[in-house]
Amino acid sequence: MKHGFVKVAAVTPALRVADVRFNAENISRAIGEAEKAGVQLLVFPELSLCGYTCGDLFGQKVLLDDCFAFLRTIVEETKDKQLLVFVGVPVRLGGVLYNCAAALNGGRVLAFIPKTHLPNYAEFYEKRNFQPYAGENTEIDFYGDRVPFGNKIVFAEEKEADFTVSAELCEDLWVPAPPSAAHAHAGANIIVNLSASDETAGKAEYRRLLVRSQSAKTVSGYVYADAGEGESSTDMTFSGHNIISENGEILKESVLFENGMIVSEIDAEKLSFERRRINTFYDGRDLGGYRTISFKASSRGEKLTRPVARLPFVPQGGALGERAELILSIQAAGLGKRLAHTGARAAVLGISGGLDSALALLVTVRAFKKLGRDLKDIIAVTMPCFGTTDKTYNNSLALMRALGVTFKTVNIADSVRAHFKDIGHDECVKNAAYENAQARMRTMVLMNIANDAGGFVVGTGDLSELALGWATYNGDHMSMYGVNASVPKTLVKYLISYEAERLGGQLKETLNDILNTEISPELLPPEDGKIAQKTEELVGPYELHDFYLYYAIRWGFSPKKVLFLAETAFAGIYEKEVIKKWLVSFYKRFFSQQFKRSCLPDGVKVGSVSLSPRGDWRMPSDACVQSWLKELE
């Protein structure tokens, strides 16, 4: 793949216990199919060459000789194919037998990786036939070639620096300290696990949890290939439960009891970035003894099969309600703490009839209820001026009345005109001064009402506006506490939608009308009574900018990669030229508007992205954007 993606696969082929020829043919066939599908990393189950359930047949020379002989034929199958393959095979060394993963690439066995932890409890009795391996790396003869043998090995693709792989086998994952932890510290971005985990009631859920947890703890991609139907059913059954995970997220999972192959892409570049970001990941421990072996598995540029969410800040599926409740609770808890600490008697908000101020008011009501405070001490102020429409004004009043807060209307038109006169500005000239004078007047009104009431101003601006600098400096940019500071616009909509459904009645009707109102600062006069100044026509669609913010800032992706992902996610929705146009705009605005973010009010962090200068994001206000723009050219 490209842009750091590695196409990986876990496969459970048809198998007959102890029929090595049959198994080798199916493994070779699967390698060919995977290669045609563009797979770069392919993982087979534990002891897949002969079957995990051979029992005391593992003591038979015929079986062991067949395994090495037919492994040789599988190795030949990889000769003209650029993919890294892991096959399960028993290996004799020093008079004992080891349960191993054979790493194959380019017609060679790159290494044999022996299993570290052997289960010998309940239905498992591996120590009857195998020995665990805890020694240093050594070498073994494979038809005249000296092949590395050991479990301290990292495989590194020759050209893709982030494409690094290590292996562990089945029980290694189930122990308190899996070998994959050391592998990750040694630089392996992807862990493969060759497994033969039998199926019992409830085990699939636990297995899934283990894979997700280990991939999250090690900040890695994890490819789990499980034995399936074909293994002996004398005492156990095997379901072929294959899983591909990335940093705690399941990318692909097989259907139980259906042999076959699952394919997805692991973003190795993303994993490398996250490990660098987390300064506790590489803790300076001594990882001596690890060996790096190079391989070739070049990218062919196939399309992504993994989904790319258009709204990365918005939870998917049935998790929205639970997540919305959590975020609203976080916001309310932060505001409640600030109210209690300052001893403020009132909270003052400007209500525009738009999304952000509606959310801020809903959060403030929650905070007051949690503190047992009178909602009349919430002073909500609507301040109509030149651009205010009847729709937004009426929605402001309806929202404030329905929530039971104190509300005021302060028409600022005369005050702004007096200010124009003071500074010699012609009202007919509708420039930045014309617009920003209104925003700053509103902030002054709110601040002074707060002083008069012994309270403080609750900010309403959201994360998307902060990223784009779409706020008037020392106007709506300023408050005493910003409850929406880390909530992007796309998430604001879903939080309001959740509250509308939860609250019902007149509030639901009003909030839904606000949701259906075009986003606007309303600083220019309406046209035929309708909003004339439409934010998304001026700065671009917020769903695009939130997408850019997530991938460019949270994950540090290059402009080309962000563009590639956006074109994938928004295919059929926006033309490529439109996506690129607004991505260029995003970078320009993000760099040029940092000075506004450098002096933000306090505001609670609710998700994985915050632009607070005291928290997640520190950036010079005069940093140059040219390198980012040049890449997009």
Side-chain angles (χ1 to χ4, degrees), residues 249 307-328 330-331 352 354-363 459-471 476 482-502 511-521 534-555 557 562-563 565-574 578-579 581-583 585-587 589-590 593 597 603-611 616-617:
E249 177 187 358
V308 180
R310 292 200 301 270
L311 305 176
F313 289 107
V314 178
Q316 305 299 308
L320 178 58
E322 181 181 344
R323 184 65 60 83
E325 186 63 36
L326 174 62
I327 292 171
L328 289 162
I330 292 172
Q331 291 177 276
S352 67
L355 294 167
D356 295 338
S357 61
L359 178 59
L361 183 55
L362 291 167
V363 168
T460 62
D462 66 43
L463 179 66
S464 306
E465 293 176 343
L466 294 175
L468 298 172
W470 192 247
D476 52 310
V483 293
N484 297 337
S486 65
V487 184
K489 190 76 76 178
T490 49
L491 184 55
V492 169
K493 293 180 179 180
Y494 279 85
L495 293 176
I496 292 177
S497 179
Y498 167 79
E499 284 289 72
E501 291 300 317
R502 186 182 71 87
L511 290 173
N512 282 335
D513 201 32
I514 290 172
L515 282 167
N516 293 322
T517 301
E518 289 173 312
I519 301 169
S520 173
K534 299 172 184 177
T535 297
E536 292 184 288
E537 291 182 359
L538 298 169
V539 299
Y542 274 116
E543 63 179 353
L544 284 179
H545 285 305
D546 284 358
F547 186 93
Y548 303 151
L549 174 64
Y550 181 76
Y551 288 108
I553 305 306
R554 168 61 182 91
W555 292 107
F557 289 169
V562 176
L563 182 62
L565 290 172
E567 289 175 350
T568 302
F570 292 97
I573 299 173
Y574 296 104
V578 173
I579 293 172
K581 168 191 169 183
W582 292 121
L583 181 55
S585 175
F586 172 82
Y587 279 110
R589 295 192 68 95
F590 189 85
Q593 300 298 299
R597 299 188 291 268
V604 64
K605 178 179 178 179
V606 302
S608 61
V609 180
S610 168
L611 297 176
D616 289 36
W617 189 253

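All values derive from a computational prediction rather than experimental measurement.
Judged as a ring-ring contact (aromatic ring centres under 6.0 Å, His included), and not counting sequence neighbours, the contacts of F313 are Y550. Shown here are the ring-ring contact (aromatic ring centres under 6.0 Å, His included) partners of Y498, two or more places apart in sequence or in another chain: there are none.
In this structure a side-chain-to-backbone donor-acceptor pair under 3.5 Å is present from E536 to Y542. A distance-only check finds no donor-acceptor pair linking the side chain of S520 to the backbone of T535 [under 3.5 Å]. Not a single donor-acceptor pair under 3.5 Å links the side chain of N484 to the backbone N or O of V487. T517 contributes a side-chain N or O that, together with a main-chain N or O of D513, makes up a donor-acceptor pair within less than 3.5 Å. Side chain of H545 to main chain of S585: no donor-acceptor pair is present (N/O by atom type, distance under 3.5 Å, no hydrogens or angles). Proximity of a side-chain donor or acceptor of R310 to a complementary backbone N or O of E543 within less than 3.5 Å is not detected. Checking side-chain atoms of S357 against main-chain N and O of S352 turns up a donor-acceptor pair under 3.5 Å.
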Assess whether side chain to side chain contact (heavy atoms under 4.5 Å, CB included) is satisfied between L328 and V363, documenting all intermediate values.
CA-CA 6 Å; L328 289 162; V363 168; 3.9 Å; yes

Audit row: Y548, Y587, side chain to side chain contact (heavy atoms under 4.5 Å, CB included) steps and yes/no
CA-CA 9 Å; Y548 303 151; Y587 279 110; over 6 Å; no

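Each of T490, L611, L491 was checked for a side-chain contact (heavy atoms from CB on, under 4.5 Å) with L463, and the lone residue meeting it is L611.
Listed here is the closest heavy atom pair of L549 and A467: CD1-CB, 4.0 Å. The two residues Q331 and V483 make their nearest non-hydrogen contact at NE2-O, 2.8 Å. Nearest heavy atom pair, residue L355 against residue I496, reads O-CD1, 3.2 Å.
Distance check, rounded to the nearest 0.5 Å: OG of S497 to CG of L511 gives 9.0 Å.
Between F590 and W617, the ring centre distance stays below 6.0 Å.
Between K489 and D356, at least one side-chain nitrogen of the basic residue sits less than 4.0 Å from a carboxylate oxygen of the acidic one, meeting the salt-bridge criterion.
Enclosure of atom CD in E325 by more than 12 non-hydrogen atoms of other residues, nucleotides or ligands within 6.0 angstrom is indicated.
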